[in-house]
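Working notes, beginning with the structure itself.
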Protein chains: 2
Amino acid sequence: MSNRSQAIADILTRAILDHRLVPGCKLGERELSEVFDVSRIVIRQSLIRLADDGLAQIERNRGAFVARPSMQDAMEIYDALTLVEQGVAAQLSDRLGPAGWAELRQHVERQRKAVASGNDALADVLGQEFHTVFVRLSRNKVMQEIHAQLVRRTTLLRSLITADFDYCNLLDDHAKLIELLEKGRLKPAMELIDAHHRSVVRGYIMDRQVFPELTPREALEPYLDGKAGEPPKPAPRKKAGENGGARTHTHVHVVK
Amino acid sequence: MSNRSQAIADILTRAILDHRLVPGCKLGERELSEVFDVSRIVIRQSLIRLADDGLAQIERNRGAFVARPSMQDAMEIYDALTLVEQGVAAQLSDRLGPAGWAELRQHVERQRKAVASGNDALADVLGQEFHTVFVRLSRNKVMQEIHAQLVRRTTLLRSLITADFDYCNLLDDHAKLIELLEKGRLKPAMELIDAHHRSVVRGYIMDRQVFPELTPREALEPYLDGKAGEPPKPAPRKKAGENGGARTHTHVHVVK
DNA sequence: TTCTTATTGATTGATATCCAATCCTGTGTT
DNA sequence: AACACAGGATTGGATATCAATCAATAAGAA
């Protein structure tokens with residue numbers, strides 16, 4: 001019953017990251033205010049939050065739209081992400097204790113089990129979380145927030161991408177990264193991070209016109225449980241027929 | 001006549017960075033709405049922007065206050081800043097062309113002249129700008145924004161600090177950094193950045209209760225030119241009698 | 001027909017007023 | 001002195017309203 005605008009901003013963020021609201025989609029104040037059953041002012045505040053986070057773009061007297069990053073933006077975001085993760089890697093290789101390395105290994109192990117048991121959805125989530133855990137071990141909330149924001153923007157980027165991915169050696173990458181860092185082999189570790197992100201961004205192909213398949217009303221419907229808590233994460237699937245290979249995942253490798 | 005909330009957020013940011021609004025200072029909606037002659041809602045939106053930027057803190061049903069970062073926050077902010085600047089340094093040492101190095105040298109030269117001519121205020125500004133120019137040369141707007149936000153927060157930190165500074169070898173640091181990077185001596189350069197920030201944060205002494213010397217109304221008065229453009233940067237001076245040595249500057253060295 | 005211009009509609013930016021929830025404070029009681 | 005309660009003040013939000021601007025359509029001229 002409080003901070004409605006923050007709660008709604010969170011829901012919108014979730015919907016964007018789930019690719020239910022695609023880049024370029026109009027976020028009309030009136031429509032959203034009806035969807036969420038709040039006044040326009042609350043929606044406006046939510047949209048301001050989204051814009052500050054880089055997920056929405058507000059054009060004067062034209063309204064808010066889901067951000068549509070350019071190819072240039074994509075490269076810059078991945079550059080920044082690489083820079084941050086390399087920096088964190090350097091810190092961790094110096095400062096992380098055995099418990100930290102153990103936590104990372106354990107995380108990889110959980111993901112390995114998920115993959116082995118064919119639970120792709122869980123493997124996806126764990127793969128995403130690896131980087132978050134990685135940065136959290138730096139024990140720096142400021143860095144965590146910066147990193148989280150960058151990750152959100154990469155997730156948004158994935159709405160714009162048409163490419164065939166495979167799920168080959170993600171775990172190997174993570175495991176190898178841990179191994180290199182723990183041994184203090186910083187340079188190869190940083191090159192691994194860089195190569196990883198580079199290969200991802202190289203595979204990006206921007207579709208210039210992304211057409212909103214769902215209206216905001218349709219897209220947001222699963223998140224509205226009559227003002228109750230979170231919905232149990234609805235399937236963000238698009239039409240399974242076409243680009244079924246382009247699932248959402250932080251760690252994607254491009255088929256060359 | 002547009003985007004009032006953003007404009008007001010900018011003014012408030014400026015006032016905070018000028019230390020006219022000190023940490024802990026209450027930012028009452030009614031008071032600010034009277035100061036700026038807008039409705040409370042516009043002020044609310046401005047405060048949301050400030051909070052998203054880490055410069056204000058909104059407590060439910062209690063209002064907004066200028067953020068009062070803890071010592072822990074200070075260390076984390078400087079850690080993040082170090083990480084970012086080190087990363088940018090690494091990128092620049094690889095990628096920056098002669099024109100870029102020339103621009104950096106030219107900037108240092110301008111600051112040197114300002115110092116030589118006793119223009120401390122200008123030297124301050126140029127010293128702050130050096131880091132901004134440095135990051136801008138990475139040609140990455142995302143990194144620029146992240147860095148700018150971190151710099152804003154360090155500036156806020158300086159409101160909380162009681163320490164004696166001197167202006168010794170700031171230029172030497174900058175010049176040395178350029179020299180090391182251009183020669184590809186990355187490691188010493190990164191250590192220089194780290195040492196610089198470390199020495200700064202070590203000198204921090206938190207005053208737990210900072211009392212607002214100026215009411216927001218008084219503090220903001222110089223920025224209001226009857227809705228006209230920017231005021232010509234009013235002197236952010238506190239009372240000159242007491243801690244006159246603790247001027248605002250990005251590059252401060254602690255007297256051991 | 002086609003291009004240019006004008007009108008109209010829709011949407012945003014912003015204000016004023018009102019109400020509920022909550023916090024702070026001051027006072028009174030035990 | 002400690003506690004409880006009531007009242008004031010402030011924030012969070014709803015609603016209604018107006019102005020400014022954009023977009024799309026309709027009207028008119030070449």
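As a basis for the values below, the full set of heavy atoms in this structure was taken, side chains included, without hydrogen atoms, waters or symmetry mates. Chain letters run A, B, ... following the sequence lines, proteins first and then strands; every chain starts at 1. Please read all numbers here as calculations on a predicted model, not as lab measurements.
If you measure from atom CD of B/E34 to atom P of C/dT15, you get 14 Å, rounded to the nearest angstrom. Atoms CD1 (A/I43) and C1' (C/dG13) sit 16 Å apart, rounded to a whole Å. Rounded to whole Å, atom P of C/dT15 lies 8 Å from atom CZ of B/R4. If you take CD of A/E29 and P of D/dC22, they are 16 Å apart, rounded to a whole angstrom. Protein atom CD1 of A/I48 is 9 Å distant from nucleotide atom P of C/dA14, rounded to whole Å. Atom P of nucleotide D/dA20 and atom CG of B/N3 are separated by 17 Å, given to the nearest angstrom. The distance from atom CD of B/Q45 to atom C1' of D/dG13 is 13 Å, rounded to the nearest whole Å. Distance, A/I8 CD1 to D/dG12 P: 15 Å, rounded to whole Å.
The pair B/E103-B/R136 meets the salt-bridge criterion, with a side-chain N (NZ, NE, NH1 or NH2) lying under 4.0 Å from an Asp/Glu carboxylate O.
For the OP1/OP2 pair of C/dT11 and a distance below 4.0 Å, the side-chain nitrogens and oxygens of A/R62 include no atom meeting the criterion.
Although no hydrogens or angles enter the test, the distance criterion places a donor-acceptor pair under 3.5 Å between the side chain of A/S46 and the main chain of A/S5.
Between B/G63 and A/V42, the residue anchored closer to the 5' end of DNA chain D is B/G63, taking for each the nucleotide with the nearest heavy atom. If A/E59 and B/N61 are placed on DNA chain C by their nearest nucleotide, the residue sitting closer to the 5' end is A/E59.
For the side chain to side chain contact (heavy atoms under 4.5 Å, CB included) test with B/L137, the passing option among B/V88, B/L104, B/T132 is B/L104; the others fail.
Within 6.0 Å of CZ on A/R152 lie more than 12 heavy atoms contributed by other residues, nucleotides or ligands.
Within 4.0 Å (heavy atoms only), B/I58 reaches sugar-phosphate atoms of the nucleic acid but no base atom.
Taking all atoms of both residues into account, the shortest heavy-atom contact from A/E76 to B/N140 is O-ND2, 3.1 Å.
Distances were taken from every side-chain heavy atom of A/V38 (C-beta onward) to each of D/dA14, C/dT22, D/dT21; the shortest belongs to D/dA14. Side-chain proximity of A/R44 to C/dT12, C/dG13, C/dT15: nearest is C/dG13. For A/R30, the listed nucleotide lying nearest its side chain is C/dT11; candidates were C/dT11, D/dT15, D/dT10. Across D/dG13, D/dT21, D/dT15, the shortest atom-to-atom separation from the side chain of A/R60 is found for D/dT21.
The base of D/dG13 does not come close enough to the side chain of A/R40 for any donor and acceptor atom to sit less than 3.5 Å apart.
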